[in-house]
Amino acid sequence: MVPVQTEAPAEAPELAERFEAVVAAEQRIEPRDWMPEAYRATLVRQIAQHAHSEIIGMQPEGNWLTRAPSLRRKAILLAKAQDEAGHGLYLYAAAETLGVDRADLTERLISGRQKYSSIFNYPTLNYADVGVIGWLVDGAAICNQVPLCRCSYGPYARAMVRICKEESFHQRQGYELLMTLMRGTEAQRRMVQDAVDRWWWPSLMMFGPSDGDSPNTARSMAWRIKRHTNDELRQRFVDMTVPQAEHLGVTLPDPELRWNEERGSWDFGEPDWTELQQVIKGNGPCNTQRISVRKAAHENGAWVREAAAEYARKQKEREHDV
Amino acid sequence: MSDTSWPLYEVFVRPRRGLNHVHVGSLHAPDDRKALLAARDLYTRRNEGVSLWVVPSSAITASTPDERDPFFEPSGDKVYRHPTFYDIPEDVPHI
């Protein structure tokens, strides 16, 4: 609503103490509360990156909207893409409570100054990819996002509650789509396995680098922005997904995947971190395309934004004339 | 790039008849009518509401966190406003 204070005033020690106490008591920080500048900056970066991911995330699946195999699948995919636009907007609204401007965030996305999730830089090659994205990519997103519902920053936590409720539909439609394909022909089953082979490792990378290479994790956890480390969430995702893969009848492409009785968890192989670094740096298969599509949409929409603002201005003028 | 910045609106949804409108978030829109339509598309895609309010954020007057303690202080020491302040014998019915 109103930009927050960012400069610590003279009585800062007392304000900082109050901030720490609120966080420690598992209460929420709200927009107009005093907060450390680094807390604000961390949240802006994280929420903006999250919002951008939702917006860019419409593209890989949007690719298949006009080629859905049935009206039912098309209606589902449209609803999912619309949800993703909605999630992006909830998150931009949450970011704006920290004193940034949405138009400015869009600009930072288009100019490459802010990132989005590396997963959306991979191509969707056939309709099985739509199912696998719902199952694995949205499944991984849910693992990441459920703990964010308890994030110490109120507007972000509230946006995440709404988002998590809606993500469940995304994951289930994907799994159902894959079950349908698996009941089909041999060629359809091969499509599913092929899509799983391509998406499995990028999905594991969605949790970010391993804990040793994630320098900001400790601070984010102390601030209760983050609740679990990247590796903890990755493990949770693998443990949830293995039985789902078995039920579906697909093989997860990891020769090191085996049950560890002692840990009560699945052991799994190391993702290719060099690949992740490359994709983050902009060298993934679709980075250039994703940004250029977003840029074109923004520029092609400029006249609509202008026309709507001009219409609103004239309406207001007319009201004054009466 | 020309970017016309649309004003910010706060959105309130009445989830069911009999309940108050509750703040759910905000959005940008060029005018009141379009704010209402956008609020419908953004915040009620799954029958979350039976009524919507949109209010320009600039129209909201809020108490400030700084004066939180003095601002709410007047109600702090008035325990006699609560029913539990009064001792009534156990055997008096219906009170």
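First the proteins, then the strands, lettered A, B, ... as listed; each starts at 1.
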Please work out which of the three classes, parallel, tilted or perpendicular, describes the rings of A/Tyr153 and A/Tyr39, given edges at 30° and 60°.
perpendicular
Specify whether B/His21 and B/Trp53 have parallel, tilted or perpendicular ring planes, treating 30° as the upper limit for parallel and 60° as the lower limit for perpendicular.
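B/His21 and B/Trp53: parallel rings.
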Let's test your reading of the structure: which of B/Gly25, B/Pro7, B/Ser26 forms the most heavy-atom pairs below 4.5 Å with chain A?
B/Ser26
In this structure, is the centre-to-centre distance between the rings of B/Tyr43 and A/Tyr90 below 6.0 Å?
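Judged by ring-centre distance (under 6.0 Å), A/Tyr90 and B/Tyr43 do meet the cut-off.
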For the atom pair CD1 (A/Ile76) and CZ (A/Arg73), what is the distance rounded to the nearest 0.5 Å?
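Nearest 0.5 Å value for the CD1-CZ distance: 5.0 Å.
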Among the options A/Glu310, A/Arg313, A/Lys165, A/Arg162, pick out the one with the most heavy-atom pairs lying under 4.5 Å from chain B.
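Heavy-atom pair counts peak at A/Arg162.
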Between A/Asp101, A/Asp83, A/Leu89, who has the most heavy-atom pairs with chain B when the cutoff is under 4.5 Å?
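If we count pairs closer than 4.5 Å to chain B, A/Asp83 comes out on top.
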Heavy-atom distances under 4.5 Å only: say whether B/Arg33 touches chain A with side chain, backbone, both or neither.
neither
Given that the side chain runs from C-beta out, which part of B/Leu27 has a heavy atom under 4.5 Å from chain A: side chain, backbone, both or neither?
neither
Minimal non-hydrogen separation, A/Ser152 against A/Trp223, with atom names
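That closest heavy-atom pairing would be OG-O, 2.7 Å.
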Region of A/Tyr311 in contact with chain B, defined by heavy-atom distances below 4.5 Å
side chain
